[in-house]
Each structure stands twice: as C-alpha cells, then as structure tokens.
Trainee: 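Before I ask anything, let me first share the structure, which is written out below as structure tokens.
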Amino acid sequence: MAEMADANIEDAEQMNKIEAPSQTPETAADEAKPATEEQEEPENASETLYIQNLNDQVKLSYMKTTLTNLFRHYGKVLDVVAHRNVRMRGQAFVSFAHVDLARKALKEVQKFPLYGKPMQVSYAKTRSEAVVKTLSPEEFDEFHALRLKRKKRSRWDNPVRRKLRLKKEALATGAQPEAPAPTAKRPVVLMPDEYLPPNQILFVQNLPPDITKDALVAMFSRFENFYEVRMIPTKKDIAFVEYADEASATVAKDALHNFKLDGEAKIKVTYARK
DNA sequence: AGCACA
C-alpha cells in the first residue's frame, strides 16, 4: 500500500518533467527559490476535474454514466456535472473528495479516447457544490439557508427541480462500492456499439440464425466499394461486413441499420470495434 | 474554444 503510493508520486513527478506548464513566478521570493528544487505539482490542482473535447453527439445522461463509471476507478465520484448548451457542450466536471484522487485520475485518463474523442482533462477553476457539501458541510448549509430564505418557491426550488436535485444527491453520496486501486494503466470502458468511431468494417447483429452469407452479400454489395462479408461459424446471428473505406461503410450502415430482414426483427448495423 | 452546480 505504502509502496504503491510512493510509486505514484514518482510517476507524477516524472510526468511533470515532461508536461508541467512552465513556471511563472509571481513574486521576487518565488524567483529567489533555488532552481534545484524538485518539480512541484501545479498549484491549480482541484478535487474536481474539468474535461473538454467530449463527444457531444452522445446523450448527456449516457455520457454522465460513462464518466462516473470511468472515474470511479480512482475513488468515489461525488458528482458529474455537464450541460448541453452552446457554451458548455463537450465539457464536464467530475468531482472527487480529495485532490489526490483527482490528480491520479487526471494523469491516467488524460487523452483517453472516449466515444472516439481524446478527453482533454484539467482541473476545475472553482470548487464544485458536491465537493463543498462533503468537505465542508457547514459552509454548504450556510449558503443554502440563505438561498432558501430568499427564494422560497423559485425555479430552483419547485417540486420538479427538488426531485431532480434529490436524485442527483443520491447519486453523489450514494452507495458506490469502494473502488480497488486501478491495475491497468488505461481504464477499460466498454463503448456502446452505437457510439463507436467510424470504421470501414461494419458489425451486423440480430441476424436471423438461418441467414446465408450469400444473402448478406446480396444485401451489402448493393453499396459502393463493398469488399466482403465475414461470418462466424459459432455465432450465426452476427457478421462483419467490410468496405474499402469508412465513407462507403457509413453509407451502407445508415441505409441498413434497423432494416427488417424477414419483416421480422430489425438487424443492427454499427461500426465494428477497432 | 468554451469553467457549472448553488
């Protein structure tokens, strides 16, 4: 346990040597510090991570769940906040109870390609409500006592909002299993098929089990730049269909996704995992 | 690019 912590600190220092922003001393005292001093963590570290470059095609609730699951590897996730308005889309705030957890998460998840886009992770500029609430309940209560006095039945305190808020609080403080220390350098998140990045290979699911390869070829070769259909002997309800390029695959995918083969169940056509 | 929640 102690050894692990030490190893992490070393890692953090090595990372800083490569990636830490250049120091800009603000006072003469800072400037006078010996240059031999060890690299320090950036001073802007926060319990909350600010994430940019998220795929805004992904439904917000889905994105929040994914982020919660992704980041719970590093400690209890207090809250995930994201909005879809113009200014805020593609961004999210993920809160932990300790800066150390955030630091480790930042380091390991940086550039992680979520839904096809590398996450850009930094620290939030201000403290999150969820963090204040857990780390300094008095401060939180004081703030809210004031608010409630001012706006008894405002748009932030009507029954609908209240229900939403309670749900959110349940999520923030809720019983998330204590996460074990991460073992892999990169976290493993299973991407839903629908959100996989483009691929010249398509993944076809929910095929009727008696479908023949010829039937599939007939169906998919109607689209330009078709290359081949591959089936798996043991799994008869799925197939892979390859095209010469992503654009061609995309045309076929869009045309055939949810297509009813026997007037029966719809087939599912998505990009294959790379 | 863009730092919210209260």
Side-chain angles (χ1 to χ4, degrees), chain A residues 19-22 24 26 41-72 74-107 109-174 176 197:
Chain A
E19 296 199 352
S22 54
T24 51
E26 283 166 14
E41 287 289 343
E43 285 309 305
N44 63 157
S46 160
E47 298 88 353
T48 299
L49 296 177
Y50 172 56
I51 304 169
Q52 297 175 89
N53 198 36
L54 293 170
N55 188 335
D56 58 21
Q57 304 296 97
V58 178
K59 210 173 143 212
L60 208 56
S61 60
Y62 220 112
M63 180 58 86
K64 286 195 191 181
T65 309
T66 307
L67 288 172
T68 308
N69 288 332
L70 172 60
F71 280 100
R72 80 188 336 155
Y74 305 99
K76 181 170 155 183
V77 175
L78 299 184
D79 199 10
V80 175
V81 175
H83 305 273
R84 48 158 203 203
N85 59 55
V86 214
R87 191 158 149 248
M88 286 296 111
R89 68 182 44 164
Q91 300 149 78
F93 298 85
V94 177
S95 299
F96 295 95
H98 304 287
V99 200
D100 290 351
L101 302 175
R103 239 195 295 266
K104 187 164 191 335
L106 180 145
K107 201 173 56 136
V109 164
Q110 188 65 273
K111 306 277 170 66
F112 180 78
L114 187 61
Y115 299 118
K117 300 188 73 187
M119 292 195 283
Q120 187 57 51
V121 190
S122 55
Y123 295 109
K125 282 178 180 161
T126 59
R127 260 193 159 180
S128 301
E129 190 200 359
V131 173
V132 177
K133 191 159 79 179
T134 55
L135 260 47
S136 160
E138 327 74 39
E139 204 181 313
F140 182 84
D141 290 344
E142 198 177 291
F143 184 82
H144 282 272
L146 265 170
R147 275 198 79 81
L148 288 183
K149 226 179 264 176
R150 302 227 147 212
K151 312 186 158 198
K152 255 271 154 78
R153 275 283 131 111
S154 74
R155 59 200 201 97
W156 295 112
D157 191 37
N158 59 45
V160 178
R161 287 274 174 188
R162 180 184 295 265
K163 213 194 281 178
L164 277 172
R165 193 169 357 112
L166 287 177
K167 223 162 103 186
K168 203 166 107 183
E169 284 170 13
L171 203 152
T173 56
Q176 297 184 33

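Every chain is numbered from 1 and lettered A, B, ... according to where its sequence line falls, protein lines coming before strand lines.
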Trainee: Specify the closest pair of heavy atoms between A102(A) and S46(A), including all atoms of both residues, with the distance to one decimal.
Mentor: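 For A102(A) versus S46(A), the nearest heavy atoms are CB-O, 3.2 Å.
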
Trainee: How would you label the contact of N53(A) with the nucleic acid (heavy atoms, under 4.0 Å): base, sugar-phosphate, or nothing?
Mentor: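 Result for N53(A) = base.
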
Trainee: Which nucleotide in the list dC3(B), dG2(B), dC5(B) gets nearest to the side chain of S122(A)?
Mentor: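 Of the candidates, dC3(B) comes closest.
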
Trainee: Check whether the side chain of T48(A) and the base of dA4(B) form a donor-acceptor pair under 3.5 Å.
Mentor: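 Such a pair does not exist between side chain and base.
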
Trainee: Considering just the side-chain nitrogens and oxygens of R127(A), establish if one lies under 4.0 Å of OP1 or OP2 belonging to dA4(B).
Mentor: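 R127(A) to dA4(B) OP1/OP2: no side-chain N or O under 4.0 Å.
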
Trainee: What is the separation between atom OH on Y50(A) and atom P on dC3(B), rounded to the nearest whole Å?
Mentor: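 Rounded to whole Å, this separation is 5 Å.
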
Trainee: Nearest-Å distance, NZ (K125(A)) to P (dC5(B))?
Mentor: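 Nearest whole value for this atom pair: 15 Å.
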
Trainee: Is there side-chain contact between M119(A) and L67(A), with at least one heavy-atom pair below 4.5 Å?
Mentor: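 Yes, close enough: below the 4.5 Å cut-off.
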
Trainee: Check the distance between dG2(B)'s P and N55(A)'s CG and give it to me in whole angstrom.
Mentor: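 Answer to the nearest Å: 20 Å.
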
Trainee: May I have the distance from K64(A) (atom NZ) to dA4(B) (atom C1'), rounded to whole angstrom?
Mentor: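 Distance, rounded to whole Å: 10 Å.
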
Trainee: Among the candidates dG2(B), dA4(B), dC5(B), find the nucleotide nearest to the side-chain atoms of Q91(A).
Mentor: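 So the nucleotide nearest the side chain must be dG2(B).
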
Trainee: Under 4.0 Å between any heavy atoms, over every strand shown, what does V86(A) touch: base, sugar-phosphate, or nothing? Just pick one.
Mentor: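 Base contact.
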
Trainee: How close or far is atom C1' of dA4(B) from atom CG of L60(A), stated in whole angstroms?
Mentor: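 About 12 Å, once rounded to whole Å.
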
Trainee: Are the side chains of V94(A) and V77(A) in contact, using a 4.5 Å heavy-atom criterion?
Mentor: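 In short, these two side chains touch, coming nearer than 4.5 Å.
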
Trainee: Check the distance between dC3(B)'s C1' and E47(A)'s CD and give it to me in whole angstrom.
Mentor: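 Those two atoms, CD and C1', are 15 Å apart.
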
Trainee: Name the closest nucleotide to the Q52(A) side chain, picking from dC5(B), dG2(B), dA4(B).
Mentor: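 For Q52(A), the side-chain atoms sit closest to dG2(B).
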
Trainee: Stacking between F93(A) and the base of dC3(B) (centre distance under 5.5 Å, interplanar angle under 30°)?
Mentor: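 Base of dC3(B): not stacked against F93(A).
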
Trainee: Is R84(A) atom CZ crowded by more than 12 heavy atoms from other residues, nucleotides or ligands, each under 6.0 Å away?
Mentor: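 Counting other residues, nucleotides and ligands, CZ of R84(A) stays at 12 neighbours or fewer.
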
Trainee: Can you check the M119(A) CE to dC3(B) P distance for me, whole Å?
Mentor: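 Atom CE in M119(A) sits about 19 Å away from atom P in dC3(B).
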
Trainee: Hey, does Y74(A) have a side-chain heavy atom less than 4.5 Å from the side chain of L49(A)?
Mentor: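 Counting from C-beta outward, L49(A) and Y74(A) never come under 4.5 Å.
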
